Amino acid sequence: MKVATPAMKLDVRINGVKAEDGLLVMEGVAGMLPCRTSLTPTEFRQMMKLALRPSVLALLFRK
């Protein structure tokens, strides 16, 4: 995954996902730095709603 900001572009790698204290927690590396991202259930549902659109699914299943 790549994250682009006005200041820099970072390669992001997610190494693990777990449920912790009612949050979805993703741990990995952003550039050279370890990072931890957490999503509430509401944020996760919103992200899944965006990811499950037909145009995104077509991209995932394209050869």
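Here, residue 1 is the first one in the sequence, and each next residue gets the next number. Everything quoted here is computed from the prediction, not taken from an experiment. The figures that follow rest on heavy atoms only: side chains count, while hydrogens, waters and symmetry mates do not.
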For a 4.5 angstrom cut-off between non-hydrogen side-chain atoms, does [X] reach [Y]?
X	Y	value
Val12	Val29	no
Arg62	Leu59	yes
Leu39	Met26	yes

Rounded to the nearest 0.5 Å, how far apart are [atom1] of [X] and [atom2] of [Y]?
X	Y	atom1	atom2	result
Met32	Leu10	CE	CG	10.5 Å
Met47	Leu52	CE	CG	10.0 Å
Thr40	Gln46	OG1	CD	8.5 Å

Open item on the list: Between Val17 and Val25, is the side-chain contact (heavy atoms from CB on, under 4.5 Å) condition met? List the steps.
Closed with: CA-CA 6 Å; Val17 179; Val25 177; over 6 Å; no

Open item on the list: Can you give me the closest heavy-atom contact between Pro41 and Gly22, atom names plus distance?
Closed with: CD-O, 3.4 Å

Task: Contact summary for Glu43 and Ser38, nearest pair of heavy atoms - done: OE1-O, 4.0 Å

Task: Counterpart residues, salt bridge (Lys or Arg N to Asp or Glu O under 4.0 Å), relative to Lys18 (two or more places apart) - done: Glu20, Glu27

Task: Co-membership, hydrophobic cluster, residues Ile14 and Met48, 4.5 Å side-chain - done: yes

